[in-house]
A.B. asks: 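For reference, the structure I am asking about is given below.
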Amino acid sequence: MPSEIVICERLAAGDEDAFTWLYEHYQPKLFLFVFPLTGFSRQDTDEVVQDIFVKLWLRKETLVTVQSLQAYLFMMAKNRLYDLRMAVARQSKARDILLQQQPEAHFDVQEKVQFNEYHEIARRAIDGLTPQRRRIFLLRNEGGLSLDDIAIELNISKFAVKKQLYEAVRDVKTYLKKHAGLDAVVLTLLFTSLK
């Protein structure tokens with residue numbers, strides 16, 4: 001078994017074999033750690049673990065400073081679980097606030113026009129994605145396909161799907177913030193409506 005320092009150095013240099021070794025070595029440990037913390041949801045656990053490895057690959061150049069790879073991965077898992085819980089709580093609170101202020105049945109014409117404008121801006125954001133990212137984004141959010149199904153459909157790895165989806169979501173959110181001037185609450189609700 002290679003040392004963690006060697007693995008981190010190879011990974012920082014973009015060595016995919018080092019990443020594969022790291023994934024195969026740590027994925028089962030992370031799964032066992034995360035599984036009970038998601039309420040024993042296999043789907044949520046898979047999502048969290050895949051997110052960790054996508055972020056690890058995206059940040060690979062910084063790994064040369066990591067002292068303990070296992071501690072680093074488990075800290076990433078804890079942070080991701082926390083982010084997940086906070087996102088769900090924010091989304092729920094945002095929906096409650098909007099429903100209290102404006103029940104859907106009472107939307108006036110101007111509000112409906114504004115919502116349609118926001119939705120059109122979101123469509124432009126999606127259309128601006130690279131063809132591969134757009135296809136993955138739409139298969140996931142409009143087609144409702146799982147990451148595994150998308151990987152099979154496009155004949156690419158699940159990791160590649162996750163990475164492209166992560167970047168597509170980031171690009172769409174950035175576009176919406178820039179072109180629609182949406183605050184965090186409205187952005188969350190609008191983005192959720194795209195799913």
Side-chain angles (χ1 to χ4, degrees), residues 8 11-16 18-20 22-24 26-27 30-31 33-35 37-38 41-63 66 69 72-91 94 121-180 182 184 186-195:
C8 287
L11 192 56
D15 185 334
E16 292 182 12
F19 181 82
T20 299
L22 186 120
Y23 182 86
E24 290 173 353
Y26 284 107
Q27 187 274 344
L30 281 170
F31 188 94
F33 174 72
V34 171
F35 190 51
L37 300 174
T38 61
S41 165
R42 183 174 183 87
Q43 181 177 352
D44 289 347
T45 301
D46 284 340
E47 293 284 327
V48 168
V49 171
Q50 289 298 319
D51 277 347
I52 291 165
F53 284 103
V54 167
K55 287 180 182 174
L56 188 71
W57 179 257
L58 293 173
R59 300 175 186 165
K60 61 187 177 295
E61 292 83 9
T62 65
L63 291 179
V66 171
L69 199 49
Y72 183 74
L73 288 169
F74 278 72
M75 183 57 69
M76 285 179 76
K78 285 172 66 177
N79 290 341
R80 182 66 186 101
L81 286 163
Y82 176 78
D83 290 346
L84 199 59
R85 286 192 194 106
M86 293 303 292
V88 169
R90 279 193 305 269
Q91 196 174 59
I121 292 169
R123 279 280 147 213
R124 286 199 300 270
I126 295 166
D127 291 343
L129 296 171
T130 64
Q132 180 83 328
R133 283 186 193 165
R134 182 171 56 249
R135 188 163 182 210
I136 290 170
F137 186 91
L138 293 175
L139 286 170
R140 176 70 170 171
N141 293 296
E142 292 186 355
L145 270 63
S146 69
L147 299 180
D148 289 321
D149 290 340
I150 296 170
I152 292 167
E153 172 88 12
L154 301 180
N155 197 26
I156 58 176
S157 71
K158 184 176 179 180
F159 173 74
V161 170
K162 189 73 174 178
K163 181 180 176 197
Q164 291 292 317
L165 186 60
Y166 175 85
E167 291 173 358
V169 168
R170 181 198 61 204
D171 292 349
V172 169
K173 285 185 176 181
T174 300
Y175 188 96
L176 290 173
K177 285 178 187 175
K178 182 177 179 182
H179 295 281
L182 300 179
V186 176
L187 181 60
T188 300
L189 286 174
L190 182 61
F191 191 75
T192 302
S193 75
L194 296 173
K195 291 185 177 179

A.B. asks: Give me the atom names and distance for the closest heavy-atom approach of Ala151 to Ser157.
C.D. replies: CB-C, 3.9 Å

A.B. asks: Show the numbers, then the answer: is there a ring pair (Phe, Tyr, Trp, His ring centres under 6.0 Å) between Tyr23 and Phe159?
C.D. replies: CA-CA 10 Å; Tyr23 182 86; Phe159 173 74; 7.8 Å; no

A.B. asks: List for me each residue that meets salt bridge (charged side-chain N to carboxylate O under 4.0 Å, His left out) alongside Arg135, sequence neighbours excluded, and say none if there are none.
C.D. replies: Glu153

A.B. asks: Can you tell me how far CG of Asp149 sits from CG of Leu154, rounded to the nearest 0.5 angstrom?
C.D. replies: 10.5 Å

A.B. asks: What distance separates Lys158 NZ from Leu165 CG, expressed to the nearest 0.5 Å?
C.D. replies: 12.0 Å

A.B. asks: For the residue pair Ile52 and Met76, what are the closest heavy atoms and their distance?
C.D. replies: O-CE, 3.4 Å

A.B. asks: For Thr20, which residues count as a side-chain contact (heavy atoms from CB on, under 4.5 Å) partner, sequence neighbours excluded?
C.D. replies: Glu24

A.B. asks: Do the non-hydrogen side-chain atoms of Gln132 and Ile156 ever get within less than 4.5 Å of each other?
C.D. replies: yes

A.B. asks: Tell me which pairs pass salt bridge (charged side-chain N to carboxylate O under 4.0 Å, His left out) where either residue lies in residues 53-63, with sequence neighbours left out.
C.D. replies: none

A.B. asks: Looking only at non-hydrogen atoms, find the nearest pair between Arg42 and Phe31 and report the distance.
C.D. replies: NH1-CZ, 3.5 Å

A.B. asks: Mind checking the CD-CG spacing from Gln43 to Leu147? Nearest 0.5 Å is all I need.
C.D. replies: 8.5 Å

A.B. asks: Taking all heavy atoms of Ala125 and all of Tyr175, pick out the closest pair and write down the distance.
C.D. replies: CB-CD2, 3.3 Å

A.B. asks: In this structure, which one of Arg134, Arg124, Arg133 forms a salt bridge (Lys or Arg N to Asp or Glu O under 4.0 Å) with Asp171?
C.D. replies: Arg133

A.B. asks: If you look at every heavy atom in Phe137 and Ala168, which pair is closest and at what distance?
C.D. replies: CD1-CB, 4.0 Å

A.B. asks: Phe74: what forms a ring-ring contact (aromatic ring centres under 6.0 Å, His included) with it, not counting sequence neighbours?
C.D. replies: Phe33

A.B. asks: Does the pair Leu56 and Leu22 meet the rule for a side chain to side chain contact (heavy atoms under 4.5 Å, CB included), with working shown?
C.D. replies: CA-CA 10 Å; Leu56 188 71; Leu22 186 120; 3.0 Å; yes

A.B. asks: Measure the shortest side-chain to side-chain distance between Gln50 and Val161 over non-hydrogen atoms and say whether it is less than 4.5 angstrom.
C.D. replies: no

A.B. asks: Can you confirm whether Glu167 sits close enough to Leu58 that some side-chain heavy atom of one is under 4.5 Å from a side-chain heavy atom of the other?
C.D. replies: yes

A.B. asks: Could you tell me whether the side chain of Leu129 reaches within less than 4.5 Å of the side chain of Ile136, counting heavy atoms only?
C.D. replies: no

A.B. asks: Glu47: which residues meet the salt bridge (charged side-chain N to carboxylate O under 4.0 Å, His left out) condition with it, sequence neighbours left out?
C.D. replies: Arg140, Lys162

A.B. asks: How would you list, by chain and number, every residue that makes a ring-ring contact (aromatic ring centres under 6.0 Å, His included) with Tyr72, sequence neighbours excluded?
C.D. replies: none

A.B. asks: Could you tell me which non-hydrogen atom of Leu69 sits nearest to which non-hydrogen atom of Cys8, and how far apart they are?
C.D. replies: CD1-SG, 3.8 Å

A.B. asks: Could you go step by step and tell me if Asp46 and Asp148 meet the side chain to side chain contact (heavy atoms under 4.5 Å, CB included) rule?
C.D. replies: CA-CA 10 Å; Asp46 284 340; Asp148 289 321; 5.6 Å; no

